[in-house]
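Chain naming here is simple, since letters A, B, ... match the order of the sequence lines and numbering starts at 1 in each. Keep in mind the model is a prediction, meaning the values are calculated, not measured. Both backbone and side-chain heavy atoms feed into the values below; hydrogens, waters and symmetry mates do not.
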Amino acid sequence: MIALHIVAAIAVLIELVRPFPADEHAVERVHALDFVASYAVYGFVACVILVLLGLVLRRLIMRHEKYYGGEQQ
Amino acid sequence: MITELSLQLDWAVPAVPPAFLFFLAAVLIVLCRDQSLRWLQQLILIATPLVGALNMLALDSGMSWTWQVLDFQLVQLRVDRLSQLFGLLFHLGAFIGAIYAIRVHDTLQHCAALVYAGSALGAVFAGDLITLFFYWEVMAVSSALLVFAGRTAESAAASLRYLLLHLLSGLLLLAGAVISYQETGDIAFEFVGTDNIAGWLILLAFGIKCGFPFVHSWITDAYPQSTPSGTVFLSMFTTKVAVYSLARGFPGTELLISVGIVMALFPIFYAVIENDLRRVLGYSMINQIGFMVVGIGIGSELALNGTVAHAFNEVLFKGLLFMSMGAVLLRMRHALGSDLGGLYKSMPMTTVFCVVGAASISAFPLFSGFVSKSMIMAAMIEHGYTIGWLGLLFASAGVFHHAGIKIPYFAFFAHDSGHRVKEAPFNMLLAMAIAAIFCVLLGSYPAMLYGLLPWDAGYVPYTYPHVIVQLQLLLFSALAFAWLKLTGIYPPELRSVNLDADWLYRTMVPNVYRAGAGAIVRIFRTASGVVPGTTQRWRRMFLSPRSALMRSADTSTAALLVGAMLAVYLLFYYVST
């Protein structure tokens, strides 16, 4: 857990220490994500949204295990 | 009726269409079904992909094997870089699957697996729509048998649903081929496009096999019902043949970009809340195919290279993940996230292989997904689809979330379920090891894979920014998972059924049918109130065992009816010409 935090921090710090070359064709620097650690923010936010929407989806579509009348396992 | 068999071979080694070898092997497997000949069955199972691969290497680019049937030139063998790549991939997949399945003592499964692999090979080498249709149908039946091989009431029902959808796909393909032949007089399988109705029918046929939205649920319905090794075979061929066919028939069809993005996005939500880990892999499969479909929709050389490279890698890492879950299934008799956990203590090797598969599908640098998925992403940017690109990036984070973390975490780590089982058998570990080695090898030395691709796109995956942003994306996704898990927001694994598109034909259609039938009965009841005896009369006519529709007719009557039907056809034929 601590290791994960350290490695994640390194991944961001390394970008601060050595910014990406200002190459216009660099795929990684599209307009939408043109700031430092943008991918880190995007990944984090995406996963939170994913889980929250997953919870909503679960309320909508989750049914009992034997919903389709399975005799099962 | 074969009137002419033209072989264009100037080889000392007689190279045959790869499908034939597999079909021959399947026949031999059936002949060797006696208990005492089990070793021979195992030998055939292992040897066929190897011999097949040697045979395929002897196939020369541009070689063809054509049959003249009636008016049609049926091309059994069209060898070019695209078909060769998939041919090689399917031989490799079949070999890994064979090792994984070798201890299974079930002639049905071995036979079905070989026919299935053979028909997949037949389909990718088919040069015309009729041949493609033939293999398409053989593939449908043999893979349905693999689902059936689960041999539970549930797997039998799932295999029927699976078969119906796949036969529908075949029917659409045939209809498209027939219409296309009527319009152009040509049945060659080249670029199809969506300019006419035939193109749309064929697109839908490919789409069903590809798992397009709303016709995707056969994947998540059937795959968790098969046997451990059956699912490994299933995951390798059907959808990849569909991707191949789309790449050949519909490159640059812009609609596919939207379809692919939807496919990449919606399954990740399902995967987060699904409990059966093999079904989670099914959803993640749809998600991965979504990326490939996007690549086909863009249609540039870079995008198509990315698509086929990703298909290649997906067979290996998804196969690896299905193998690790199959090993869990074998030892635990289920693969439900809610009842697993802590298995790393008793299945350490399987855990390692599963993590390699998870890292590959999540596109960690040095693992195979990294070098192929990024080509599609780069092509997205190159063609200015920024919004779509952001969607795919979301999907990438989502993949890591459900396939990269959830699968290994809930199976092997999480809370210790207290189960102490044996490690997977040696042959399964060996199969997983081979797949894992390929995952790392192709990810670390992408030139190996790039050299096989149909085009030379000059893509460089390992650049400083690419590696760093990918690590940021993945590590912060992992961080999000860890925090959500700690705070208890993360949805717990629950034994449940999540409604999906298959609800339409498993619940809604039967309900509508029942409601309709009930309404008709009520109408008759009302009518019988007005005219006495109506209900009895209708019941006599339709519902009693001796009524015209209910009683079974004898053979001669049936033959007469068929004869009459053919006569009507003939009549129509004369009227229409």
Side-chain angles (χ1 to χ4, degrees), chain A residues 1-23 25-33 36-73, chain B residues 152-154 157 268-273 275 333-334 336 374 377-382 386-387 389-390 393-398 400-402 463-466 468-484 486 489-491 494-500 502-503 506-507:
Chain A
M1 195 60 201
I2 298 166
L4 177 64
H5 280 84
I6 295 172
V7 179
I10 290 174
V12 172
L13 285 177
I14 205 165
E15 194 193 335
L16 287 171
V17 174
R18 197 188 139 191
F20 300 151
D23 181 355
H25 299 290
V27 174
E28 289 74 20
R29 275 287 165 260
V30 289
H31 265 323
L33 292 181
V36 173
S38 50
Y39 282 74
V41 174
Y42 193 84
F44 190 89
V45 172
C47 280
V48 172
I49 293 175
L50 170 66
V51 168
L52 294 181
L53 285 181
L55 284 169
V56 174
L57 186 68
R58 184 172 248 186
R59 289 180 75 102
L60 292 175
I61 58 156
M62 192 171 84
R63 295 292 183 275
H64 186 257
E65 189 182 8
K66 302 273 164 66
Y67 178 79
Y68 288 120
E71 43 276 84
Q72 192 55 0
Q73 322 287 330
Chain B
T152 59
E154 293 216 321
I268 61 178
F269 297 102
Y270 271 95
V272 166
I273 57 173
N275 185 30
R333 310 215 167 277
H334 69 82
L336 301 177
S374 49
M377 302 287 278
M380 274 302 256
I381 292 291
E382 221 167 64
T386 311
I387 302 286
W389 177 83
L390 284 171
L393 200 62
F394 189 98
S396 299
F400 178 50
H401 206 89
H402 70 252
T463 62
Y464 169 65
H466 186 201
I468 295 300
V469 297
Q470 186 69 9
L471 283 177
Q472 285 182 358
L473 185 78
L474 296 179
L475 290 170
F476 277 81
S477 301
L479 216 54
F481 177 85
W483 285 8
L484 289 167
L486 282 180
I489 297 172
Y490 195 85
L494 296 175
R495 286 172 165 245
S496 59
V497 162
N498 294 315
L499 303 185
D500 196 353
D502 53 346
W503 177 82
R506 292 175 78 176
T507 303

Determine the minimum heavy-atom distance between [X] and [Y], stating which atoms define it.
X        : Y        : value
B/Leu479 : A/Phe44  : C-CE1, 4.1 Å
A/Leu50  : B/Phe394 : N-CZ, 4.2 Å
B/Gln472 : A/Ala11  : NE2-O, 3.2 Å

In Å and rounded to the nearest 0.5 Å, what is the [atom1] to [atom2] distance from [X] to [Y]?
X        : Y        : atom1 : atom2 : value
A/Cys47  : B/Ile268 : SG    : CD1   : 8.0 Å
B/Asn498 : A/Arg58  : CG    : CZ    : 7.0 Å
B/Thr507 : A/Arg63  : OG1   : CZ    : 9.5 Å
B/Leu494 : A/Met62  : CG    : CE    : 5.0 Å
A/Ile61  : B/Phe269 : CD1   : CZ    : 11.5 Å

Candidate pair A/Ile14 and B/Leu471, rule side-chain contact (heavy atoms from CB on, under 4.5 Å), full reasoning: CA-CA 11 Å; A/Ile14 205 165; B/Leu471 283 177; over 6 Å; no
What part of [X] is in contact with chain A, defined as an atom under 4.5 angstrom from a non-hydrogen atom: side chain, backbone, both or neither?
X        : result
B/Leu486 : side chain
B/Leu393 : both
B/Ile489 : both
B/Thr152 : neither

Under 4.5 Å, counting heavy-atom pairs only, tell me which of [options] racks up the most with chain A.
options                                : answer
B/Phe481, B/Tyr490, B/Trp503           : B/Trp503
B/Ala478, B/Ala397, B/Ser477           : B/Ser477
B/Leu474, B/Leu484, B/Asp500, B/Asn275 : B/Leu484

Taking side chain as everything from C-beta outward and backbone as N, CA, C, O, which of these in A/Leu52 sits under 4.5 Å from a heavy atom of chain B? Side chain, backbone, both or neither.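 A/Leu52 touches chain B through side-chain heavy atoms alone.
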Test ring pair (Phe, Tyr, Trp, His ring centres under 6.0 Å) applied to B/Tyr270 - qualifying residues, sequence neighbours left out: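 B/Tyr270 satisfies ring pair (Phe, Tyr, Trp, His ring centres under 6.0 Å) with B/Tyr283 once adjacent residues are dropped.
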Run the ring pair (Phe, Tyr, Trp, His ring centres under 6.0 Å) test against B/His402 and tell me which residues pass, sequence neighbours left out.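 Applying ring pair (Phe, Tyr, Trp, His ring centres under 6.0 Å) to B/His402 gives none.
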Between A/Val12 and B/Phe476, does the side-chain contact (heavy atoms from CB on, under 4.5 Å) criterion hold? Intermediate values first, please. CA-CA 10 Å; A/Val12 172; B/Phe476 277 81; 3.4 Å; yes
Find the one option among A/Ala40, A/Ala46, A/Gly43 whose heavy-atom pairs under 4.5 Å with chain B are most numerous.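 Of the candidates given, the most pairs with chain B belong to A/Ala40.
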Best-contacting candidate, A/Leu55, A/Val45, A/Leu60, against chain B by heavy atom pairs under 4.5 angstrom: A/Leu55
side-chain contact (heavy atoms from CB on, under 4.5 Å) assessment of B/Trp483 paired with A/Val48: CA-CA 10 Å; B/Trp483 285 8; A/Val48 172; over 6 Å; no
Give a yes or no answer on whether the side chain of A/Tyr42 reaches the backbone of B/Leu390 with a donor-acceptor pair at less than 3.5 Å. yes
Check: A/Tyr68 side chain, B/Val497 main-chain N or O, donor-acceptor pair, under 3.5 Å: no
Greater than 12 external heavy atoms within 6.0 Å of B/Ile387's CD1: no
Quick one: does B/Ile468's side chain get under 4.5 Å of A/Tyr39's, heavy atoms only?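 Side-chain contact under 4.5 Å: no.
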Start with the C-alpha distance between A/Val51 and B/His401, add both sets of side-chain angles, then the distance that settles side-chain contact (heavy atoms from CB on, under 4.5 Å), and finish with yes or no. CA-CA 9 Å; A/Val51 168; B/His401 206 89; 3.5 Å; yes
